[in-house]
Amino acid sequence: MLYNGRPIDLTPEEEEIATMFAVMKDTDYATKPVFVKNFWEDWKKVLGPKHVIQKLELCDFTPIFDWHAAEKEKKKQMSAEEKKQLKEEKAKAEERYAWVLIDGVGNFRVEPPGLFRGRGEHPKMGKLKRRIFPEDIVLNIGKEAPVPECPLPGHKWKEVRHDNTVTWLAFWNDPINVKEFKYVFLHQSSSLKGKSDEEKYDKARKLTSKIDSIRESYTKDFKEKDVEARQIAVATYLIDRLALRAGNEKDDDEADTVGCCSLKVEHVSLSPPNSLEFDFLGKDSIRYQNSVVVNEEVYDAIHDFKKGKKEGVDLFDRLDTSKLNAHLKKYMQGLTAKVFRTYNASYTLETQLKETLGATLNEKTAEYSRANKEVAILCNHQRTVSKGHSAQMERLEAKIAELKTLREELATDLGKVKKGKPPVHSTAKRPPTAEQLEKKLAQTDARIAKMTLDLSVKEDLKTVALGTSKINYMDPRITVAWCKRHEIPIEKVFNKSLLAKFAWAMNVEPNFRFCEADGGADEDP
DNA sequence: CGTATGGACTCAGAAACGTACTC
DNA sequence: CGAGTACGTTTCTGAGTCCATAC
């Protein structure tokens with residue numbers, strides 16, 4: 001790289017960190033002052049006080065950036081076979097780390113060093129995430145099991161534990177937040193993971209038989225004189241009807257985001273006569289923006305909770321997640337705020353999914369996506385619009401316009417031919433018959449219809465992420481049963497990973513109903 | 001009892017990667 | 001048939017939830 005216009009030599013360690021920064025030149029992070037400041041502070045520590053480099057502004061990282069771009073290009077230019085071989089070699093070398101006795105391991109690689117990339121306006125963005133060594137790693141293995149050999153010669157594990165009350169296989173302290181841990185867990189397809197997944201959905205399903213009385217109960221409490229009880233009632237309402245998250249307290253060194261209990265007064269505004277306008281940053285700094293017509297008592301309660309409070313003050317000042325969850329436990333064993341999200345997501349999927357007998361396979365899978373979309377909207381699962389979205393839309397529109405012109409030409413020609421006149425638009429030596437033209441016309445109509453539908457679906461889903469709800473919120477048994485009833489191959493809706501993750505749900509009866517809480521619902525709390 | 005902290009797990013979107021489709 | 005692209009899948013790791021325990 002260049003410093004003050006002149007080439008400069010760095011030690012490998014210094015250069016490694018410079019490279020982390022250099023490659024981010026064209027990203028959003030590079031333009032954020034906090035990111036640049038945090039990076040510079042950490043890099044400076046490595047450079048030391050007497051280093052030639054004293055000012056970040058005088059650094060020119062372009063040579064490193066160009067080198068990296070060239071490396072990337074080289075990799076891209078490799079033939080398919082070379083790539084495949086490289087991948088196989090890597091997989092072979094790693095295979096011994098990817099399994100434990102009973103199942104596969106999810107994340108068996110340690111996180112490599114890099115610059116921390118928080119979501120949203122994270123105060124720690126740009127900080128150096130240091131390299132992890134065996135000395136950082138705590139292993140959890142059977143008492144009699146041989147201790148895995150440390151792969152780095154001359155190093156040793158931090159600790160070896162034998163704790164069979166937890167599922168983690170190893171952990172290390174997160175270098176950015178040393179009080180937090182990074183765990184190595186079993187793979188999603190593991191039967192252990194499947195078991196707890198099934199329990200999660202069973203618990204949510206159990207809500208079916210309780211939900212009416214819970215709603216009745218909190219509705220009654222909207223009028224409570226006791227402020228805490230009233231806040232609990234309104235918060236439960238929001239969590240239930242809007243699928244809000246619980247909203248734990250957050251530290252100042254984290255991104256400023258909220259959930260239900262941590263909503264500030266400015267996040268909800270009143271819009272007469274009875275609408276609430278929500279606007280806040282939730283998990284991952286995803287914006288939640290919604291206008292909801294609520295019942296009068298909720299409207300009045302929010303009005304009261306806001307009264308006399310300045311910006312930045314908690315809307316639910318008498319509440320936190322533990323109080324709320326403690327209250328929910330009175331309704332049902334194990335009931336917490338997040339159970340409502342699972343319940344309402346699964347409920348929505350089941351009620352949205354129409355019994356589309358007689359439809360084509362494509363129509364059926366489209367119906368599934370439509371229901372999936374409703375769930376994603378409920379849970380506010382968003383994605384950023386892809387870079388080329390508008391260009392892609394324009395291309396599709398142009399294509400449709402082209403087909404429409406063709407359609408008109410075919411229609412005129414058909415008219416001519418039917419009257420025994422020569423076609424105007426056909427350039428073929430032998431003029432097409434009326435029959436041929438009719439067939440082509442029908443084909444063109446079908447293509448126009450399909451493309452128009454594709455276009456609207458694409459536009460519709462440009463900011464909606466369907467995957468998260470499918471993986472985490474919708475009881476897979478609803479999907480499996482629906483597919484069985486409609487003779488849809490399950491592979492049409494679940495990919496390989498989901499098939500493995502939901503193995504426990506595959507032999508459900510076709511008449512399974514999430515909302516008919518027969519299975520286990522009557523257990524006493 | 002309430003509150004703070006530690007700990008372990010689920011949930012989250014972006015980026016990287018692979019593949020099928022289109023022209 | 002080859003290149004370019006669009007789209008689905010996998011990987012990555014950050015960001016939540018919630019429980020247990022200590023004071």
Side-chain angles (χ1 to χ4, degrees), chain A residues 27-29 72 75-76 80 83-84 86-87 106-112 114 116-120 122 124-125 129 138 140 163 165-169 171 173-188 192-193 196-197 199-200 239 244-251 254-255 257-262 281-286 320-326 328-329 334-342 345 376 379-384 386-389 391-393 395-396 399 454 458 461 463-473 494-501:
Chain A
T27 69
D28 251 9
Y29 286 105
K72 234 162 97 180
K75 218 172 144 191
K76 215 170 118 189
K83 281 184 197 166
K84 199 179 159 201
L86 218 64
K87 202 186 159 189
N107 54 329
F108 52 86
R109 294 182 197 92
V110 85
E111 290 174 23
F116 178 75
R117 301 154 89 123
R119 314 271 164 82
H122 200 295
K124 291 191 173 179
M125 66 168 86
K129 196 170 73 165
V138 176
N140 188 27
D163 185 350
T165 68
V166 294
T167 71
W168 57 265
L169 308 166
F171 81 78
N173 285 90
D174 175 11
I176 294 295
N177 235 322
V178 282
K179 302 238 160 169
E180 283 163 24
F181 318 107
K182 298 283 195 175
Y183 293 93
V184 174
F185 288 123
L186 288 169
H187 192 260
Q188 288 300 328
L192 248 79
K193 289 275 188 191
S196 82
D197 212 26
E199 283 165 5
K200 174 182 82 179
I239 283 164
L244 299 191
R245 294 186 185 83
N248 284 310
E249 288 303 315
K250 293 190 75 179
D251 284 341
E254 297 176 276
T257 64
V258 298
C260 184
C261 292
S262 49
L281 296 183
K283 181 175 179 179
D284 289 305
S285 291
I286 298 295
D320 60 41
T321 53
S322 58
K323 273 185 194 164
L324 181 79
N325 281 334
L328 295 178
K329 298 266 178 311
L335 185 59
T336 63
K338 81 190 269 285
V339 179
F340 283 92
R341 242 168 108 78
T342 312
C379 295
N380 198 38
H381 291 142
Q382 298 188 28
R383 57 173 182 166
T384 50
S386 78
K387 207 167 58 186
H389 178 80
Q392 288 164 21
M393 290 300 283
R395 254 186 301 238
L396 267 173
K399 189 83 208 168
D454 286 352
K458 193 180 163 75
L461 292 178
T463 61
V464 184
L466 300 185
T468 308
S469 50
K470 204 170 178 178
I471 295 167
N472 301 300
Y473 285 103
F494 285 160
N495 62 32
K496 208 175 102 211
S497 316
L498 289 176
L499 241 33
K501 178 181 161 85

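Lettering follows sequence order; numbering is per chain, from 1.
- With DNA chain C read from its 5' end, the first of the two nearest nucleotides for A:Ser497 and A:Val110 is the one closest to A:Ser497.
- Comparing A:Cys260 and A:Pro112 by the nucleotide of DNA chain C whose heavy atom lies nearest to each, the residue mapping closer to the 5' end is A:Pro112.
- A:His389 has its NE2 atom 12 Å from the P atom of C:dA6, to the nearest Å.
- Between the side chain of A:Lys200 and the backbone N or O of A:Asn472, at least one donor-acceptor pair lies under 3.5 Å.
- Contact of A:Lys283 with B:dC11 (side chain to base): a donor-acceptor pair of N or O atoms is detected under 3.5 Å.
- Distances shorter than 4.0 Å separate some side-chain N or O of A:Lys129 from OP1 or OP2 on C:dG14.
- A cation-pi contact, defined as under 6.0 Å to the ring centre and within 45° of the axis, links A:Lys193 to A:Phe185.
- A close approach under 4.0 Å does occur between a side-chain nitrogen or oxygen of A:His122 and OP1 or OP2 of C:dA15.
- Atom-to-atom, NZ of A:Lys399 to P of B:dC23 comes out at 5 Å; the value is rounded to the nearest Å.
- The backbone N or O of A:Ala376 lies less than 3.5 Å from no partner atom in the side chain of A:Tyr473, so there is not a single donor-acceptor pair.
- Contact annotation for A:Lys193: backbone-only contact, meaning every heavy-atom pair under 4.0 Å involves sugar-phosphate atoms and none involves a base.
- Dashed line: the shortest gap from a side-chain N or O of A:Lys329 to OP1 or OP2 of C:dC19 is under 4.0 Å.
- Of the candidate nucleotides B:dA14, C:dT17, B:dT3, B:dT3 has the atom nearest to the side chain of A:Lys323.
- The phosphate of C:dG16 has neither OP1 nor OP2 within less than 4.0 Å of any side-chain N or O from A:Asn248.
- Here A:Arg117 does not reach the OP1 or OP2 of B:dG13: none of its side-chain N or O atoms lies under 4.0 Å away.
- Look at C:dT10: its Watson-Crick or wobble partner, with both distances under 3.5 angstrom, is B:dA15.
- Side-chain N/O atoms of A:Thr167 include none lying less than 4.0 angstrom from OP1 or OP2 on B:dA8.
- Using a 4.0 Å cut-off, some side-chain N or O of A:Lys75 falls inside it from OP1 or OP2 of B:dC17.
- A:Glu254 comes within 4.0 angstrom of no nucleic acid atom, judged by non-hydrogen atoms across all strands.
- Residue A:Thr336 has a polar side-chain atom (N or O) positioned under 4.0 Å from OP1 or OP2 of C:dC18.
- In this structure, A:Phe116 reaches the sugar-phosphate backbone alone: every heavy-atom distance under 4.0 Å involves primed, P, OP1 or OP2 atoms, never a base.
- Set against B:dC11, B:dA8, B:dG6, the side chain of A:Lys179 has B:dG6 as its closest nucleotide.
- The NZ-C1' distance, from A:Lys200 to C:dT17, rounds to 12 Å in whole Å.
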